[in-house]
2 protein chains.
Amino acid sequence: MRTHVGEVLALFREHGELSRTEVIDISGLSRSTVNQRLAALESAGLIAEIGGGESTGGRPSSRFALNRSRGVLLTADIGATGLIAAVCDLAGSPLRHRTVRVDVWEGPERVLGEVDRAFDELIEGDLVWGIGIGVPGPVEFAAGRVVNPPIMTGWDRFDIAGWFDRFEVPVVVENDANSRAVAEARPLRHDNLISMKVGTGIGSGLVFNGQIIRGSEGAAGDIGHTRAALADSATPLGCRCGNVGCVEAYAGGWALVRDLDAAGTSVEHVADVVTLVRQGDIEAVRLVRQAGRVLGDAVADLVSILNPESIVLSGQLAECGEVLLSGVRERVYQRSLPLATRNLTIRVSKLGELAGVTGLAIITADQLFATDRIDELLERIG
Amino acid sequence: MRTHVGEVLALFREHGELSRTEVIDISGLSRSTVNQRLAALESAGLIAEIGGGESTGGRPSSRFALNRSRGVLLTADIGATGLIAAVCDLAGSPLRHRTVRVDVWEGPERVLGEVDRAFDELIEGDLVWGIGIGVPGPVEFAAGRVVNPPIMTGWDRFDIAGWFDRFEVPVVVENDANSRAVAEARPLRHDNLISMKVGTGIGSGLVFNGQIIRGSEGAAGDIGHTRAALADSATPLGCRCGNVGCVEAYAGGWALVRDLDAAGTSVEHVADVVTLVRQGDIEAVRLVRQAGRVLGDAVADLVSILNPESIVLSGQLAECGEVLLSGVRERVYQRSLPLATRNLTIRVSKLGELAGVTGLAIITADQLFATDRIDELLERIG
DNA sequence: CCCTTTTGGTTTTTTGCAAACCAAAAGATT
DNA sequence: AATCTTTTGGTTTGCAAAAAACCAAAAGGG
């Protein structure tokens with residue numbers, strides 16, 4: 001009986017709620033085949049019948065939907081100085097989450113140990129179906145490990161997927177910016193989107209043709225260390241990467257802290273900058289708006305080259321909202337080709353700090369429900 | 001009998017020459033199914049048995065390969081001031097070609113009329129299976145037409161595919177830079193590649209995850225009008241696009257003609273610049289090398305962001321070879337993140353002016369041999 | 001010359017899919 | 001209220017594709 005149910009399941013993941021007739025129309029399959037597959041999916045508990053539909057002049061249809069609580073996905077979004085662990089349903093929505101403060105450079109054993117503990121506390125007898133781990137570095141996706149990370153000391157080629165062997169479920173490892181981008185793109189059905197994370201540093205995730213662009217070595221997305229446009233200030237500032245004139249050295253959170261401090265306003269962390277902006281501190285607002293312009297100049301080139309349909313800003317500095325956005329918009333609409341900005345939207349993420357874990361859950365579900373792996377899943381859940 | 005032969009055909013397109021046993025191993029299908037499909041493909045003439053293989057201790061295998069001369073693909077690479085029309089085999093290799101001088105702004109009827117004439121002269125009783133047209137503007141691929149082109153006056157939304165209705169074969173329309181990128185990427189099996197065309201203007205084609213990145217409106221790839229790095233020269237030059245400081249205004253062919261002319265060397269066309277460089281003219285070499293640096297600065301950011309495995313330069317200025325390359329390489333290896341340049345190769349295209357028509361043939365074949373359209377093809381060829 | 005190895009081809013069995021048919025549940029009509 | 005029409009639900013039957021099993025052919029090795 002275990003047939004090509006994956007294609008039908010994919011329809012529910014994409015469209016949400018469907019009746020038999022709708023499945024028939026969309027898939028082009030026959031009524032009997034659709035019935036057979038729906039029965040298989042329902043008996044496995046992957047889909048469930050929900051409230052009966054309205055009549056359109058005849059017998060009312062019964063409607064089905066993905067049974068999003070049949071199992072859970074454990075996800076952990078590991079950042080430079082902290083991590084968020086979450087239990088998500090099969091549609092990707094976080095159900096419960098915990099934040100843990102731990103520095104990534106303390107190494108994989110220490111950090112993943114914290115993830116383990118957080119998972120143990122979050123699981124409430126849930127059936128774990130998959131695990132997704134987000135990391136702030138380049139990832140070899142197929143192997144489930146980090147390769148040549150600039151900031152993740154001690155993590156190089158560490159077998160992250162193997163760490164979670166005890167769960168006996170698929171484990172995916174993905175770059176944190178990429179998982180954010182997926183979380184933004186998928187619900188909107190945007191196939192071409194750029195997600196910018198502006199926190200202490202600056203990173204980006206690219207989704208084009210509906211797929212994550214990882215590059216040949218998983219290092220794609222690093223917009224923070226591209227060259228900034230030096231409008232009039234003749235002094236190219238040094239960056240923490242060792243180079244000079246990087247975007248991050250002007251618009252990154254650490255650069256704003258540096259500049260505000262130099263201007264006489266005592267700040268310690270990016271959060272302080274955000275607070276000042278919200279309080280309307282003139283110097284802070286001026287600096288963040290200027291950071292937006294630098295960011296906008298960098299994004300403008302990217303818009304001309306990649307022609308995305310939307311750009312989403314996230315990260316701590318994105319909490320400055322319009323103050324940051326206006327600078328970005330100003331430069332993008334000024335510099336990018338009109339053709340590329342005609343239907344472009346630039347906005348701040350609505351997902352906030354949960355964007356990472358949400359995206360990881362979606363990516364993990366993608367793997368679990370992949371048409372060529374669906375049998376494996378049915379095998380496991382009996 | 002008309003079954004899922006497409007999957008097996010795809011194997012031959014990817015691997016070239018295969019024995020039955022190899023097809024069985026790669027596809028995972030049973031011997032009988034493979035035999036059935038091979039028989040169907042062979043009777044349709046899509047594959048042919050080639051010289052028997054060597055024995056490895058048992059009966060020697062018979063080997064099969066795509067019958068690349070079963071039909072031909074007509075392709076035309078339309079540039080700003082001229083077009084190349086070609087007859088290609090089913091593997092994408094150009095068999096015969098013609099060059100026609102015609103300006104694209106003379107409109108679709110005039111230009112496509114020239115394409116028609118060139119096709120008629122090139123066909124020698126060949127069975128035409130598909131047509132591919134490359135154009136210097138943004139393309140709505142699914143519809144087979146140009147949308148909002150900046151330089152293709154009179155072409156907006158013109159039904160290019162419809163023009164070739166008389167052939168009664170599938171027609172694909174693609175951006176010229178994109179088709180070039182495919183021609184470079186496919187034979188090398190590179191999944192992440194940037195192709196830069198440096199001629200009068202500057203354009204690029206992006207292939208990532210093995211797919212063309214077209215952007216949300218087919219406008220992706222426009223690197224020519226991104227912002228150039230203004231090292232020390234304090235005067236941002238005006239560009240023909242109306243903006244200032246574009247890469248093209250420094251490194252485009254028209255900019256070099258402008259600069260050489262201003263320096264007292266009388267030149268009219270980009271070809272003259274190339275000739276001068278080859279003759280070792282000091283000023284020309286200096287300018288082209290400098291153009292390479294400007295280009296390199298722009299590409300460097302793209303390398304950091306997209307992490308391609310190779311960059312290929314084509315177009316007239318690429319004929320300057322090492323003179324242009326050295327400038328590009330200098331800046332890329334200086335500016336891009338080490339992680340992104342570790343395994344990066346930067347080189348000049350070996351395909352030359354036929355890159356466009358080759359890529360178009362490959363893209364057209366992709367459509368013809370797509371698994372969900374293979375039955376349509378078998379229907380047509382009987 | 002026989003045995004082993006590897007590939008080629010055919011027959012048999014299974015299974016997934018679709019067409020066709022019948023049943024059920026609603027609204028519409030008389 | 002009874003019947004007709006419409007739409008959806010479910011089952012049976014027939015077909016065809018795929019795999020397993022089997023036999024044949026063509027090489028090398030002893």
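Values in this document were obtained by computation on a predicted structure and should not be read as measured data.
Between the CD atom of B:Gln36 and the P atom of C:dG8 there is a distance of 16 Å, rounded to whole Å. As a whole-Å value, the separation of B:Glu22 CD from C:dT7 C1' is 12 Å. Across the protein-nucleic acid pair, A:Leu29 atom CG and C:dG16 atom C1' stand 11 Å apart, rounded to whole Å. Per the geometry, CG belonging to B:Leu38 stands 16 Å off C1' belonging to C:dT10, to the nearest Å. Rounded to whole Å, the distance from CZ on B:Arg37 to C1' on D:dA19 is 12 Å. Distance CD1 (A:Ile24) to P (C:dA20): 15 Å, rounded to an integer number of Å. The nearest whole Å value for the distance from the CD atom in B:Glu49 to the P atom in C:dT7 is 14 Å.
Residue B:Arg31 places its side chain closer to C:dT7 than to any other of C:dT7, D:dT8, D:dA18. Closest contact between the side chain of A:Arg20 and the listed nucleotides C:dA18, D:dA19, D:dG9 involves D:dG9. Proximity note for A:Asn35 (side chain, C-beta onward) versus D:dA19, C:dG9, D:dG10: the nearest is D:dG10. Closest approach to the A:His4 side chain among D:dA19, C:dC17, C:dT10 is made by C:dC17 (side chain taken as heavy atoms from C-beta onward).
Listed pair A:Thr33 / C:dA18 meets the phosphate criterion, a side-chain N or O lying under 4.0 Å from OP1 or OP2.
Under 4.0 Å is where a charged nitrogen must lie from a carboxylate oxygen, and between A:Arg70 and A:Asp89 no such pair does. Ion pairing between a basic and an acidic side chain is recognised when a charged N comes within 4.0 Å of a carboxylate O; B:Glu184 and B:Lys350 show no such pairing. Between B:Glu168 and B:Arg380 there is no salt bridge, since no side-chain nitrogen of the basic residue lies less than 4.0 Å from a carboxylate oxygen of the acidic one.
Among the protein residues, A:Thr21 comes within range of the sugar-phosphate backbone only, with heavy atoms under 4.0 Å from sugar or phosphate atoms but none that close to a base. Heavy atoms of B:Ser32 sit under 4.0 angstrom from at least one base atom.
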Problem set entry | side-chain contact (heavy atoms from CB on, under 4.5 Å) between A:Leu206 and B:Phe208, worked out | CA-CA 11 Å; A:Leu206 312 171; B:Phe208 280 80; over 6 Å; no
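The salt bridge (Lys or Arg N to Asp or Glu O under 4.0 Å) with A:Glu140 is formed by just one residue from the set A:Arg214, A:Arg145, A:Arg157; it is A:Arg145.
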